[in-house]
Each structure stands twice: as C-alpha cells, then as structure tokens.
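Given the structure is predicted, the values throughout are model-derived calculations rather than measurements.
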Amino acid sequence: MHVSFDPWSPAFVADPYPAYTALRAAGRAHWFEPTGQWLIPHHSDVSALLRDRRLGRTYLHRFSHEEFGRTPPPPEHEPFTTLNGQGILDLEAPDHPRIRRLISKAFTPRTVENLAPTVRRLAAELVDAFVAKGGGDLLAEVAEPLPVAVIAEMLGVPEADRGLLRPWSAAICGMFELNPEAETAAAAVSASVDFSAYLRGLITERRANPGDDLISALIAAHDEGERLTEQEMISTCVLLLNAGHEATVNTTVNGWRTLFHHPEQLAALRADPALLPTAIEELLRYDTPLQMFERWVLDDVEIDGQVIGRGAEVALLFGSANRDPERFARPDVLDLSRTDNPHITFGAGIHFCLGAPLARLELAASFGELLRKAPALRMTAEPEWQPGYVIRGLKELRAEV
C-alpha cells in the first residue's frame with residue numbers, strides 16, 4: 001500500500017497528499033524499507049507520539065550506538081554531528097530543559113510583542129520594494145529576507161554578515177532529508193565548519209563587547225551560573241536560524257501558491273482582512289512546510305496491535321496528519337475561515353516550536369502588507385518544487401503586481 005509513498009519522486013514531492021490518503025486508509029503504522037522507518041500517517045497517533053516520552057529525538061542520553069543497535073555516524077560527518085547534536089531540537093533531558101529554559105526567555109509573548117514594530121517595518125520595506133519594481137521572485141525578495149533579518153537581529157549578527165546565513169542554513173538542512181547523498185553530506189559538513197567558526201568569533205566579540213542581543217544574554221546567563229557550553233551556544237544559534245526561518249519562508253511561498261490556485265479564497269481574504277489570523281493557520285495546515293518529523297523508540301510502543309520495538313525509528317507524517325478526515329472536516333478543502341484547526345505544523349510536547357509566536361507574527365506582517373499594497377498580485381509562472389521532501393518548499397515564486 002505504500003508503493004505510492006516515494007519521497008524521491010518529483011511527482012510525489014509535487015503532491016504527496018493522495019499517497020497520504022492511501023496510507024491512512026491502509027492502517028496506522030507502515031514499515032518503509034528504503035529508510036528503515038515506521039510511517040505514522042494519522043493525526044491522533046502523530047499527536048500522541050510527539051508527547052510520548054517513550055520516544056525521543058536522540059537515544060544517546062540512555063544508550064550507546066551499539067546498545068541501541070545503530071551504526072555511529074561516519075567520522076567525516078563529525079562537524080555536522082556535533083553541531084546538530086547539541087541543539088535543543090536533538091536533545092533530551094536533562095540537557096534539553098536546561099537549554100530551552102534559557103532560550104525561551106527570548107520568545108515570551110512580551111518579547112515577541114516588542115519585536116512586532118521591527119517585524120512590521122521590515123515587512124513593509126520589503127513589500128514596498130517588491131511593488132515598486134512591479135513584482136519579481138516573491139521567495140527571494142520578500143519571503144526569505146524577512147525572517148532571516150529578524151532572527152539575525154535577535155542574535156546580533158551584523159547586517160554586513162547576514163548574506164552568509166541563508167546558504168549555510170540551506171546546506172545544513174540538506175542533511176534532514178531522507179538518505180542524503182554524499183555530496184549533500186559534504187556540503188552540510190563544510191557549512192557546519194564555517195558557520196561554527198563564524199559564531200565562535202561572534203561569541204568572542206560579544207564577550208568583549210556585550211550588546212542587546214540573544215548571544216550576549218546567553219553569555220551573561222552562563223557567567224551568572226547557568227551551565228551552557230560554547231558548543232551548546234553555537235548549536236543553539238544555528239538551530240534558531242534554521243528553525244527560525246525555514247518554516248516561515250516556505251509557509252509564505254507555499255501559502256501564496258495555494259492562494260493563487262484558490263482564487264475564490266484569495267478574493268475572500270482580500271475582501272475581509274480580518275480573516276488573516278485563521279487564514280494563516282489554514283495555510284500552515286493545508287500545505288505543511290515540514291512534512292515529516294522523526295523520533296527514536298526508546299521503549300516499546302504499540303500502535304493498533306503493531307509493536308514497534310526499542311531501537312526503531314518512526315517517521316511522523318505531519319503533512320498527512322494535517323489532512324486527516326478523522327480530525328478535520330473536509331481536510332482537502334482550503335477554508336480560510338476554519339476555526340477548528342488543531343494542526344501540528346509546529347509540533348507538540350517538549351519539542352513544540354519555541355518560535356511559533358514569532359513565525360505567526362512574521363506571516364501576518366508579510367501577508368498583510370502584500371494584501372494591502374499588491375491587491376492584484378498574481379502568479380506569472382507555475383513554480384517548481386525543491387527536490388527535498390521533508391522540508392517542503394519552492395525554488396522560486398514569480399509574481400507581478
């Protein structure tokens with residue numbers, strides 16, 4: 001039944017949703033030999049497993065690679081493995097709550113609200129420039145610069161250096177795809193080395209000259225007794241950049257593509273800007289920017305009579321869960337006024353996305369500016385999808401005003 005689940009097929013990447021329908025109809029857990037994972041397609045199971053402490057993002061807090069029956073990462077991947085493994089997304093207790101507690105101070109409702117004027121100003125400037133030239137690539141000119149500028153501002157990355165961030169991030173995120181090729185891995189390792197070296201220098205500079213930024217705050221917390229190694233600080237900064245813009249960038253362009261393909265819904269949104277909050281949630285659900293999230297099974301779990309044993313890996317299919325008819329009425333229909341919308345785009349449990357309020361703020365700012373200032377915005381060419389499946393996004397989105 002999962003012959004149609006082919007994450008390396010351009011046709012599947014362009015539209016995985018029919019395959020998800022078949023998976024859900026066929027059962028609740030499916031062994032997928034090409035990646036050695038159990039595919040979990042139903043909303044109720046995905047939501048429950050995200051909160052289940054018998055699963056984890058890592059197993060190294062309890063087992064060695066050998067004890068867990070897994071092969072250690074290749075030595076040549078070490079720079080990436082170290083960088084990725086010390087970020088909170090891939091840590092469990094006791095390290096995860098310790099680091100998350102420090103980082104969460106930067107994402108309180110008050111902190112995010114204080115960022116709102118900056119976010120709105122940046123969005124307005126980007127959209128003004130886009131409109132002034134009659135359009136262009138919505139991805140490169142609006143969707144991408146906004147969240148990168150915001151997270152760089154939070155971290156205290158000098159404006160002159162910000163062009164370095166997105167290429168490093170893109171290379172590192174290539175390793176999150178299924179069975180990445182050697183060339184992808186080499187690029188991720190190289191970017192990990194360069195990004196780490198850059199941040200090590202920036203941390204050194206902030207130790208000498210503290211500023212009003214997150215890196216300075218982390219240094220101050222460390223000096224006041226909160227335990228945070230330099231590697232944890234570097235890994236956290238990289239994670240914040242990667243997680244802080246990938247979902248927002250892709251939700252923006254995927255969302256506009258979706259709206260262009262649903263002109264009646266776009267017309268309703270243009271006629272009633274008050275729809276924007278529910279519209280953003282619906283766009284996050286309808287075409288999920290992160291299609292899959294993986295977990296290691298630390299202790300046996302059972303799904304619909306199928307025991308999934310310790311040492312296995314599950315692939316939680318966010319894209320499928322967000323289209324599950326058992327949880328969403330008419331899930332394949334785009335409804336920008338949908339209010340019963342418990343999508344899991346930002347995850348759940350202890351790894352729920354810290355930056356979700358900031359992402360919503362950025363999306364509201366960019367969508368709102370484009371709706372106001374480009375009321376006749378239209379797509380000029382059907383875009384191509386990036387080849388990756390896990391992180392779902394477009395290569396570009398050409399539009400004119």
* Asked: So, Glu369 and Arg121, do they make that salt bridge, N to O below 4.0 Å?
  -> no
* Under the salt bridge (Lys or Arg N to Asp or Glu O under 4.0 Å) test, residues paired with Arg120 that sit two or more places apart -> none
* Not counting sequence neighbours, which residues clear ring-ring contact (aromatic ring centres under 6.0 Å, His included) with Phe352? List them please. => none
* To do: Examine distances only and state if a side-chain atom of Arg162 and a backbone atom of Val157 form a donor-acceptor pair shorter than 3.5 Å.
  => yes
* Glu281 and Arg360 ion-paired at < 4.0 Å -> yes
* ring-ring contact (aromatic ring centres under 6.0 Å, His included) partners of His245, counting only residues at least two apart -> none
* **Main-chain N/O of Leu89 paired to Arg100 side chain as donor or acceptor, under 3.5 Å** => no
* For atom CG of Asn114, is the number of surrounding heavy atoms from other residues, nucleotides or ligands below 6.0 Å larger than 12? -> yes
* Asked: Does the side chain of Pro331 reach to within under 4.5 Å of the side chain of Asp324, using non-hydrogen atoms?
  -> no
* Under 3.5 Å, side chain of Arg285 to main-chain N/O of Arg323, donor-acceptor pair present? -> no
* Asked: Can you tell me if CD on Glu159 sees more than 12 non-hydrogen neighbours from other groups inside 6.0 Å?
  -> no
* Asked: Is Glu400 salt-bridged to Lys133, going by a charged N under 4.0 Å from an acidic O?
  -> no
* **Test ring-ring contact (aromatic ring centres under 6.0 Å, His included) applied to Phe80 - qualifying residues, sequence neighbours left out** => none
* Test side chain to side chain contact (heavy atoms under 4.5 Å, CB included) applied to Glu384 - qualifying residues, sequence neighbours left out -> Lys395
* Asked: Between the side chain of Thr236 and the main-chain N/O of Glu232, is any donor-acceptor distance below 3.5 Å?
  -> yes
* To do: Mind telling me whether Trp8 and Phe32 have parallel, tilted or perpendicular rings, with 30° and 60° as the class edges?
  => parallel
* ring-ring contact (aromatic ring centres under 6.0 Å, His included) involving His96 - partner list, sequence neighbours excluded -> His351
